[in-house]
Every structure is written in C-alpha cells, then in structure tokens.
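These numbers come from a predicted model, not from an experiment.
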Amino acid sequence: MNDLFGGRAAKAQGGATYSAKDIEVLEGLEPVRRRPGMYIGGTDENALHHLAAEVLDNAMDEAVAGHADRIEVTLEAGNVLTVRDNGRGIPTDPHPKFPKLSALEVILTTLHSGGKFSGKAYDTSGGLHGVGSSVVNALSERLEVEVARDRVLFTQAYSRGKPLTKLKNAGAVHNRRGTTIRFKPDPEIFGAQQFSAARLFRLCRSKAYLFRGVEIRWSCDPALIPKGQETETPAQATLHFPGGLSDFLAAAVEGRSPVIPAPWAGEVTFPQGAGRAEWAVTWLEQGEGFLHTYANTIPTPQGGTHEAGLRAALVKGLRAYGELKKEKRAGNVTAEDLFGGLAGMLSVFVREPQFQGQTKDKLTSPEAARLVEAGLRDHFDHWLAGDPGRADNLLAYAIERAEDRIRRREQKDTPRKTATRRLRLPGKLADCSREAAEGTELFLVEGDSAGGSAKQARNRETQAVLPLRGKILNVASASADKLRQNQELKDLIEALGCGAGDRFDSKRLRYGRVVIMTDADVDGAHIAALLMTFFYKELPELVRQERVFLAQPPLYRLATAGKTIYAMDDAEREKLLKKAFKPNQRVEVSRFKGLGEMPPASLKETTMDPRKRTLLKVVLPAEERASTSELIEALMGRKPELRFRFIQENAARLELEAVDA
C-alpha cells in the first residue's frame, strides 16, 4: 500500500522548499502596514475614519484628565486632517529605555508604547494598548507633529511610520501649549477614499456632548462639503454643550412625542475611585428608539457590560416599583418591553477598560456591569418615587408593551398574503372610490339597517361604510383565541388594511379617518365603548395618530311647518322647544329609534356631511397613560369587583334624570 503522504511529498520534490529562511520577523511598524485590519478593522471607509477617531481620542483623554479644555479639528483639501489640543503636550525628553530617542518618537514609532498603562498619567482613558498614535503614523503618507511644552515648540515629520526629520527645537512660544497632529492617510493603504466632512463633524459633536468640560472648534474647507449639506455640516462651528448628554438627547428626539414629560438624566461617581457614569434617557410614544453607549468617550455600537448594567437597573427598578404599587402585571415586563421605545445615552468612565478588539466596538470589563447597575439603580428608584404620576405612566407604558409581546407570541403565525394576490375585503363593506387614503373615511355602524341608511347618505368618493353585527367582542377580557375567531373584528382589520399588533403598518392604512357611528342611546354608547377598547388595545397607533372619531347623531327631530331642528338629547330638546319655536306652536317631536330609522337625507345632513356634522376626536394623552389604563381595566376588564368599586365611587356624581331607565 502506498504511503499516505507519498503523493503529496512526490509533488513537492523539485518545487518550492520551506525552511528557516522563510520565517519572517516583522519589526517596528511593518506589521501595521502588512495587516492593517488587525489594528483598525480593515482598509474601508470605517477604517479610514478610525484614524481620525484615534487622534481625537488622545486629545479627549487630555481633556477628561483635566489638562485641556479646547480641541481644534481642521479638515483641509487633499485629505489632510489636523487635530490640536491645549493639553500638556507629548513629552519630548529622551526616553529612559531608548536614550537616543525622544519620548515623542518612541510613541509614534513603537507599538505598545504610551502613558496610559500604569494609570498614573491618566485616571481614565480611551487608549489601552499603546498602539493608536503609532498606527496612525504607520498608515499615513505624511504625518507632522508639533508639541508646545514648557514654552518651547518642537516639531517632527514622518512618512509611513518612519522619521523624515529629527526632533527640532522651533524656538520659544508664548500662550501656547499642547499637541498638534497633522496627517494624510496613505493612498497605498486606503486607495482614493477621502475623509467625510459630515462624518467627522458628527464625531466631533458627539465628543463635545460626552464631556461638557471641552470646547471643540471645527473647521473645514467649504469645497469639501457636498451641496445641500451646508446646514447639517457647517464649514466652521464651536461645539460646547454645558448640558452634556441631556442636550444631545433633546436634539435627537426633537419633534417626537415622549412618554414622560422630561428625560431621566444624571451622573454618579462610582465608589473607591472606580470611575463615573452619565446618562440621559426617555421613552417614545411612536417609532423605534435608540441607545448610544460610550466608554471613556469611545463609542461602543455593540454595547457591552455597561449597557447590561443599565438594562438591569431599569428593569429591576420598574418591576420593584410595580410590586410596591401591587401591580402584578409588572412582573411580565422584560428588557425588550422597556428598551424597545427607549431613546437614551450612556457614557461611563472606568479605569483600565477592556474592549473587544482594537476597534473597541464593545466594552467587556466585567466590573462595569456591577458598577453601572448599582450606581443607576439607586438614582432610578428615587426618580420613580419622586413623581408617582410620571412613574405610573412609565409603568403603564411598559405593561402595554409586555402585553402586546405576550399577545403576539400567543397568536398563530398565519402566512402573509403575497404581493400579487388581490386584497380581500369584507363582502358587506361599501368601499369608497378614491384610492388614496388621504381625505377618506370609514364609518363603522351597527347592523345592516343602519348600514343601509349610511350607504345611501354617504359621499361615495370619500366615505366607506362597514356594518357590524351586534355588540363586538370585548377585547379587554377576551382571550387571544376568541379575538382571532371573531368575524366582526377580522372584517374590521381587513377593511382597514393596516394589520394589527406587531403587523401594524400605518403606511398600509386604507382610510384617513375611522368614524364610529352608533345609535344615540345606551346600547349605541356601549358598542362605541367596545370599539374604542378594541382600538386602544389592538390598534393604539391609530388613536395616537388621532385618526379615530366618534360621530354625534341626533336623538330627536323637531319639526313644524317649514322648519326642522335636531336635538342631541333630552336636555337640548327641551331647550330648543322653548327658544327655537313660538309659544303654543305645534311642534312634531320624533325620537329616532336608531340610525336605521333616520331618512338618508337626515343622516347625511346631521352626521355625515363634513360641512355640518360634529365629530369627537378620540385622544390618548401621554401624561394620562396610567389613569387611562386603570380606567379601561376597571370598566372593561375581567374583574367585576373593579367595576363595582367604580360605580360606588362615582354614582354620586350622576344626576337621577341622566340615568337611562
């Protein structure tokens, strides 16, 4: 039998050999140029801007340490970036281990060199491995450095990591200190890629938000700003935000409706000099939220242990508050429910942080989770207890999201209609002819009789009518199975076209308004209440977008020769009889038994004609979220004792005449 490796060995004979001389030892900064991806994550646009972040982070470390309060960032034509700070300046005296080299040259030409290992020069810093400055130098076609230290200016130039000149004493300087780095990324590494002015400006702005004690002066060649972006990316700007993260959050959520009136914001110092944290958090009524986290001013887009600490503090704190309020449903709240609509910023400063990789996308320091959770939990508990109304609204918001998540999980996953399949509409729907949703209305009426009158009274172009049979299901007390099986609600959801629950999409809504039009009696009010409960529970976005309305049909018609007036209720009927007609005049008073009894012309004139009708808008104020939830649970929920208590507490407010016999 042939040797297992014989064939391969035979092929190698006479070919390339592998010996000790094939083993390479890369020295200095050569490994960076050979394998830049190991140090900056690649050679793409993100990697290019990582160079700018490394230099800016060094300047920020000086500011955070309390040695600088101003940073200047300048983007010039030719893809040249300059970062200047007024800090202590990189040391220029000879290095003890390399007496022939200045400390400046050691930092810029030697991997794993710097002043951030021992913690003596910086309590907290973004630099960890001592490779940031040297990597930027290695990957730059040209780098120039100026150091103003002890009233003397020193300069030196480099190319691709190697010194072009010796360290020069440029003479005495006054009223100047700090380090200036001016560099151009190497086209051999990055090709024709250019710095983005917009991206660099956002980076500078975020750093200014993160540390309120620094002022960043941004400057850019106007020719580098694309047309139409001058407002978002100015040629010159001074970035200083005394409010810190709170200022950033206010700008980020401007124009969006929050759940709480003001963000939860603050800062805490960790015990035993372990660092500190700053945060600003709010919750949004609509749309997706965001959470931006930072460690020692380094953005951590993949989160990490500090984010885990924030999640634990908020979820445990809100659950504990719910237990205190004896709200059992609070136990169902998870991080998914609380963080889905959260908009917030978290910035921590910790000693010797650990990151995942040199690009530092994720903080992995185990103690950060414990420090953040302990520090923020106490503040969150006090914040909740300080304003019970605000806390109740937040708790109700989280419970709503939890119940929606549980409902989605219980629902069967039915296949979606394909894009080519024709939309199936309920057979009893009398649709309008206009295709666009804007300006159209869907009237929900009780029964075929009312539906017949409404179909004759409507404007066929803009008004659709959907008759519902009897009283619909009370979704506040029904199970998910019953909800799925209820034909009336299925017809309503199909007619709206926007889906419900997690499948809700406002862009697919087929009508601009939904009008609940029921009889002007107790049964009609009950049906209207059931429909409003359905929209509140299953389609709350329609209510928040102010698309749900209540029609106001009259209960009486008062007629005499040549004159007809409508009254909404008994009180208005008596008032009109006294004021709108002459004494002793014979007035025919008709009470409508229902919308189906009204002539189509009367229904149109009083209830459906936009020029003459009265509609009540259904609103859901954010500040009343908790009280609204409690009210619906009491009146429509599964516990009759809550309704009994509500009647006992509110019966005295009713006038006897107002009670329908």
Side-chain angles (χ1 to χ4, degrees), residues 24-36 38-40 50-62 65 67-68 71 80-122 125-173 176-186 188-189 352 358:
E24 293 184 77
V25 178
L26 302 180
E27 298 179 347
L29 299 179
E30 193 174 358
V32 181
R33 294 189 61 80
R34 288 280 195 97
R35 300 288 186 268
M38 293 180 60
Y39 300 90
I40 58 172
H50 188 77
L51 299 184
E54 287 283 3
V55 179
L56 182 55
D57 287 340
N58 286 334
M60 284 297 298
D61 285 342
E62 279 289 289
H67 303 294
I71 298 173
V80 176
L81 183 67
T82 302
V83 178
R84 171 182 292 179
D85 66 62
N86 65 343
R88 292 168 292 184
I90 300 175
T92 56
D93 49 318
H95 193 276
K97 192 173 181 179
F98 306 98
K100 295 183 179 180
L101 299 177
S102 67
L104 173 65
E105 188 168 333
V106 171
I107 289 173
L108 291 176
T109 60
T110 308
L111 293 174
H112 308 295
S113 61
K116 301 169 184 176
F117 294 108
S118 65
K120 296 178 181 179
Y122 298 89
S125 66
L128 303 174
H129 310 122
V131 299
S133 297
S134 54
V135 166
V136 174
N137 190 21
L139 300 179
S140 295
E141 181 181 26
R142 183 178 177 87
L143 182 145
E144 300 169 357
V145 57
E146 295 181 353
V147 176
R149 187 177 171 92
D150 299 328
R151 297 185 179 180
V152 178
L153 180 65
F154 297 90
T155 64
Q156 193 170 16
Y158 296 81
S159 178
R160 299 183 172 94
K162 298 179 180 179
L164 293 177
T165 65
K166 293 183 178 181
L167 182 65
K168 297 180 180 178
N169 184 329
V173 291
R176 179 180 171 183
R177 51 175 261 172
T179 302
T180 302
I181 300 288
R182 183 176 185 270
F183 70 99
K184 177 182 180 180
D186 191 352
E188 293 180 5
I189 303 295
E352 299 184 5
Q358 172 60 21

Without placing hydrogens or testing angles, list every side-chain donor-acceptor pair under 3.5 Å for residues 162-173, not counting sequence neighbours.
{"from": "Thr165", "atom 1": "OG1", "to": "Ala157", "atom 2": "N", "distance (Å)": "3.2"}
{"from": "Asn169", "atom 1": "OD1", "to": "Gly171", "atom 2": "N", "distance (Å)": "2.8"}

Original post:
Looking at CG of Asp186 and CG of Asn137, how far apart are the two atoms once the value is rounded to the nearest 0.5 Å?
Top reply: 11.0 Å

**OP:** Verify whether one side chain among Asn58 and Ser133 offers a donor that lies under 3.5 Å from an acceptor in the other.
**Re:** yes

**OP:** Drop me the distance from Tyr39's OH to Leu139's CG, to the nearest 0.5 angstrom.
**Re:** 10.0 Å

Original post:
Closest approach of Phe183 and Ser140, non-hydrogen atoms and distance?
Top reply: CD1-OG, 3.5 Å

Original post:
Of all residues at least two apart in sequence or in a different chain, which pass the side-chain hydrogen bond (donor to acceptor under 3.5 Å, both in side chains) check with Asn86?
Top reply: Asp69

Subject >> Arg177: partners by salt bridge (charged side-chain N to carboxylate O under 4.0 Å, His left out), with sequence neighbours left out >> reply: none

**OP:** For Glu141, enumerate each residue passing the salt bridge (charged side-chain N to carboxylate O under 4.0 Å, His left out) test, keeping only those at least two apart in sequence or located in another chain.
**Re:** Lys184

**OP:** Using the test side-chain hydrogen bond (donor to acceptor under 3.5 Å, both in side chains), find all partners of Arg151 that sit at least two apart in sequence or belong to another chain.
**Re:** none

Subject >> Between CD1 on residue Ile181 and CG on residue Leu108, distance to nearest 0.5 Å >> reply: 5.5 Å

Original post:
Do Arg33 side-chain atoms and Ala138 backbone N/O form a donor-acceptor pair below 3.5 Å?
Top reply: yes

Subject >> Where at least one partner belongs to residues 95-111, residue pairs that pass salt bridge (charged side-chain N to carboxylate O under 4.0 Å, His left out), sequence neighbours excluded >> reply: none

Original post:
Got a second to check how far Glu146's CD is from Thr180's OG1, nearest 0.5 Å?
Top reply: 5.0 Å

**OP:** Taking Arg88 for its side chain and Glu62 for its backbone only, find out whether a donor-acceptor pair lies under 3.5 Å.
**Re:** no

